[in-house]
Amino acid sequence: MTVVRAWVGGFGFAKVGANYGPSLLATNEARARGFHQILWLYGKAGECTEAGASNFFVIWKTREGKKQIVTAPLDDRLILAGVTRSSVLALARERLAGEVEVVERKYTIDEVIEASAEGRLIESFASGTAYFVCAISLIHHRGRDIEVPAGKSGEGAPITLRLKNWLVDIKYGREDHAWGIVIPEER
Ligand SMILES: *Cc1c(COP(=O)(O)O)cnc(C)c1O
């Protein structure tokens, strides 16, 4: 069975109910096989788009040895522009500058497989309000397991964990930040 979550010209970018019905069927099948989410691939080339109802990221090294956080771009409106996605990208651009480059571009599952085979796949994670920032340890594609070495329990995914903790600290008012306003509770 082929299920398509979103297409160019459609409503993939929007949080509308019709996007979730068909994807739930596929998600149930994945769950039954022991996985948590579907990684939605688009088109013949198999572009990585989103994981379930969350944005999807890989952290890899290029062949030149440059570390990158890569996620799909928003320009063709295939992807939902998650608040968590944009927060993660902003924090990465600000706080990981010089260490990890942030790249928004189309990339395919074959590129992820290649990076894995060449030992360049470092981490992978999904982001969304519901899951927050969640490290991914394994991607199954057409009978093949792509192990994400650092993702086993989250603590093993240091870049993902740093991004997550920064966001948690802002969210719970532990860090004074323009995105977070602490409102005292009335007694
Ligand atoms: C909700 C959702 C996300 C994540 O968006 P957030 O604003 O970070 O919660 C990503 N993709 C899809 C398809 C979604 O429905």
Side-chain angles (χ1 to χ4, degrees), residues 3-8 10-31 35-42 47-59 68-96 100 102-107 112 123-139 148 150-185:
V3 180
V4 179
R5 193 200 79 86
W7 50 91
V8 173
F11 284 91
F13 64 90
K15 224 176 226 329
V16 292
N19 285 346
Y20 303 97
S23 61
L24 274 179
L25 276 179
T27 305
N28 285 341
E29 192 192 319
R31 293 262 160 90
F35 301 101
H36 292 106
Q37 285 298 342
I38 302 273
L39 173 58
W40 295 98
L41 303 178
Y42 186 72
E47 290 160 16
C48 299
T49 63
E50 302 195 62
S54 56
N55 294 111
F56 177 74
F57 302 73
V58 294
I59 305 175
Q68 294 180 331
I69 294 183
V70 187
T71 196
L74 302 176
D75 47 18
D76 55 12
R77 306 187 101 195
L78 199 55
I79 309 279
L80 190 134
V83 174
T84 322
R85 175 190 184 279
S86 83
S87 308
V88 161
L89 294 180
L91 286 173
R93 285 197 170 105
E94 183 191 312
R95 301 186 184 183
L96 297 175
V100 189
V102 174
V103 179
E104 292 173 76
R105 72 154 167 93
K106 290 184 186 299
Y107 63 104
V112 178
E123 296 175 33
S124 175
F125 63 94
S127 83
T129 306
Y131 285 94
F132 206 42
V133 175
C134 182
I136 293 167
S137 61
L138 187 130
I139 302 163
V148 188
K152 275 276 177 302
S153 58
E155 306 86 61
I159 300 172
T160 302
L161 202 64
R162 280 163 75 197
L163 289 165
K164 180 177 177 170
N165 287 338
W166 286 330
L167 215 46
V168 170
D169 287 346
I170 294 169
K171 193 165 163 172
Y172 290 103
R174 290 196 286 256
E175 182 190 328
D176 210 6
H177 195 277
W179 296 344
I181 300 163
V182 177
I183 300 167
E185 258 184 294

Legend entry - Stepwise side chain to side chain contact (heavy atoms under 4.5 Å, CB included) check, F125 with V88: CA-CA 11 Å; F125 63 94; V88 161; 3.8 Å; yes
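H177 meets the side-chain contact (heavy atoms from CB on, under 4.5 Å) test with R95, I170, E175, W179; sequence neighbours excluded. In terms of the side-chain contact (heavy atoms from CB on, under 4.5 Å) criterion, residue partners of S54 (sequence neighbours excluded) are, by chain and number, A51, A126. Remark: V102 engages L89, A92, R93 in a side-chain contact (heavy atoms from CB on, under 4.5 Å) (not counting sequence neighbours). The side-chain hydrogen bond (donor to acceptor under 3.5 Å, both in side chains) check on D76 picks up K106, with sequence neighbours excluded. Under the ring pair (Phe, Tyr, Trp, His ring centres under 6.0 Å) criterion, F56 pairs with no residue at all, not counting sequence neighbours. Residues passing the salt bridge (charged side-chain N to carboxylate O under 4.0 Å, His left out) test with K164: none are found, sequence neighbours excluded. Every residue meeting the salt bridge (charged side-chain N to carboxylate O under 4.0 Å, His left out) condition with D169, not counting sequence neighbours, appears here in chain and number order: R174. Every residue was checked against the side-chain hydrogen bond (donor to acceptor under 3.5 Å, both in side chains) condition with N28, not counting sequence neighbours, and none meets it. For F132, there are no ring pair (Phe, Tyr, Trp, His ring centres under 6.0 Å) partners, not counting sequence neighbours. Scored by the salt bridge (charged side-chain N to carboxylate O under 4.0 Å, His left out) test, R105 finds E111 as partners (sequence neighbours excluded). With sequence neighbours left out, the side-chain contact (heavy atoms from CB on, under 4.5 Å) criterion links R31 to T27, Q37, Y131.
Remark: side-chain polar atoms of E50 are paired, donor with acceptor, to backbone N or O of L80 under 3.5 angstrom. Looking only at distances, a side-chain donor or acceptor of S124 sits under 3.5 Å from a matching main-chain atom of F57.
Of all the heavy atoms in R85 and S127, the pair that sits closest is N-OG, 3.5 Å. When all heavy atoms of L167 and S87 are compared, the closest pair comes out as CD1-CB, 3.8 Å.
The CG atom of L91 lies 8.5 Å from the CG atom of L96; values are rounded to the nearest 0.5 Å. Distance CZ/F35 to CD/E29: 10.5 Å, rounded to 0.5 Å. A distance of 10.0 Å separates CG in L25 from CD1 in I38, rounded to the nearest 0.5 Å. With rounding to the nearest 0.5 angstrom, the CG atom of L39 is 5.0 Å from the SG atom of C48. Note: I136 CD1 to H36 NE2 = 11.0 Å, rounded to the nearest 0.5 Å.
Just one residue in the list L74, I79, T49 forms a side-chain contact (heavy atoms from CB on, under 4.5 Å) with N55, and that residue is I79.
Counted by atom type alone, T160 and E123 present one or more donor-acceptor pairs between their side chains at under 3.5 Å.
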